[in-house]
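Since the structure comes first, as structure tokens, the remarks are kept for the end.
Here is how names work: the chains are called A, B, and so on, in the same order as the sequence lines, proteins then strands, and each is numbered from 1.
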Amino acid sequence: MCLKRISPNSISRGAILLSLCEKGMILEARRYFDSLIMNNWVQDIVLYNIMIDGYVRHGNVEEAVELYKLITRRGITPTVVTFNSLIHGFCKRRNFHEARRFMDTIRLHGSEPTAVTYTTLMNAYCEDGNMHCMLELLQEMDAKCIVPTHVTYTVFIKALCKQRKLQEAVQLVHDMCDKGLNLDQVTYNTIIQCFCKAQNITKAFKLVNEMLLNNLEPTPVTYNILINCLCVYGNLKDADKLLISLLEQNVNLTKVAYTTIIKAHCVKGDVHRAFMFFHLMVEKGFEISVRDYSAVINRLCKRCLITEAQHFFCMMLSYGISPDHEICEVLLNAYHQCGDLISVYKMLAWMVKSGLLPQRL
DNA sequence: CGCGGTAATC
């Protein structure tokens, strides 16, 4: 664009900044943002909002607040979106005091909190198991004529599910329909998860059919929930069948589908199946982390399947992934427990060579 | 007319 002397506008700049934030490249995002500031190209609050939200998602509320202060120093008026992101940040930390303080600040700026603001706070209270505060906020919304959205309902469905009030959760779904609010995939996934936890697999699958009837394509998360459900509460063979049939149908899946079933097979001790799905996961081109290997190795060691655990360790090395200290410790302990001192020494030597242990023991 | 920002699911 620049070579063709087409100057990016604030919308294309926003797209670039948002993408950097979404990919977790927060430092690069900030560098880009600072370059825009330096050139005086940021007059738009949206760019600040994207950067602030990026920090919040990255878990850095402090930096988000610093940017908010910068906004006020520069005399730029923050929007409700600015505050919603900050409130979300404090909610993630369960700092209800600061979250609510910023809610008041919205009013001081002459605006009103929106359904998003309320839903953000309600979700945090939900995670805290505080239905009382959720209902208080709902009353406040009602008093201020702020209409709950389908997301607000989804948060309440989740809360009722947590309290094992499944009937009331279902009632809420009906209320939504009565109010003309359409359920989306996340709402369905939430309620499907409720029935899975209640070990009502039949109803969970019925809801998937209902989704399809409503022209909602199940998401990768839907399948992760179902696979996990079959692994934990149902028959592991059915989980295998489901995953394989989804693969045959070329359904879009995420890495979680694989790690879920691999985990189950490790726990059950069916290492062959675990291998099979692990290789499949690698073949599909997913990026495999140390954590993915740890999940397998930890579970196999717990079941004293040490040769098998070692196999995964070698596989990790062959893919050029560096083990961390923790994973080595787990293997060391396992070798020790079954009296395989040779392997203990080999491992220690390897750890020293790799800089995971000090030279002098 | 379309294009950029905030809440919920594994």
> With under 30° as parallel and over 60° as perpendicular, where do the rings of F313(A) and W350(A) fit, or are they tilted in between?
Replying inline: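 The arrangement is perpendicular - the two ring planes meet at more than 60°.
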Mind calculating the distance between [atom1] ([X]) and [atom2] ([N]) to the nearest angstrom?
X       : N      : atom1 : atom2 : answer
E22(A)  : dT6(B) : CD    : C1'   : 13 Å
L172(A) : dT9(B) : CG    : P     : 16 Å
I192(A) : dT9(B) : CD1   : P     : 15 Å
Y153(A) : dA7(B) : OH    : C1'   : 16 Å
K197(A) : dT9(B) : NZ    : C1'   : 10 Å
L160(A) : dT9(B) : CG    : C1'   : 16 Å
L216(A) : dA8(B) : CG    : P     : 19 Å

Among [options], the one nearest [X] by side-chain distance:
X       : options                 : value
T119(A) : dA7(B), dG4(B), dT6(B)  : dA7(B)
H150(A) : dT6(B), dC10(B), dA8(B) : dA8(B)
T120(A) : dA8(B), dG4(B), dA7(B)  : dA7(B)
V116(A) : dA8(B), dT9(B), dA7(B)  : dA7(B)
V81(A)  : dA8(B), dT9(B), dT6(B)  : dT6(B)
V46(A)  : dG4(B), dA8(B), dA7(B)  : dG4(B)
Q193(A) : dG4(B), dC10(B), dT9(B) : dC10(B)

>> We want to know whether T117(A) and T120(A) form a side-chain donor-acceptor pair, criterion being a heavy-atom distance below 3.5 angstrom.
In response: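 Distance-only check fails for T117(A) and T120(A).
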How is [X] classified with respect to the nucleic acid when contacts are heavy atoms under 4.0 Å: base, sugar-phosphate, or nothing?
X       : result
N9(A)   : nothing
T114(A) : nothing
S10(A)  : base
N228(A) : nothing
T149(A) : base
L18(A)  : sugar-phosphate

> Is the distance between the ring centroids of F33(A) and Y48(A) less than 6.0 Å?
Replying inline: yes
> Are the aromatic rings of Y335(A) and Y345(A) close, with centres under 6.0 Å apart?
Replying inline: no
>> Is R13(A) close enough to dC3(B) that one of its side-chain N or O atoms is under 4.0 Å from OP1 or OP2 there?
In response: no
>> Testing L183(A), D184(A), T187(A), N189(A) one by one against M211(A) for a side chain to side chain contact (heavy atoms under 4.5 Å, CB included), which residue passes?
In response: N189(A)
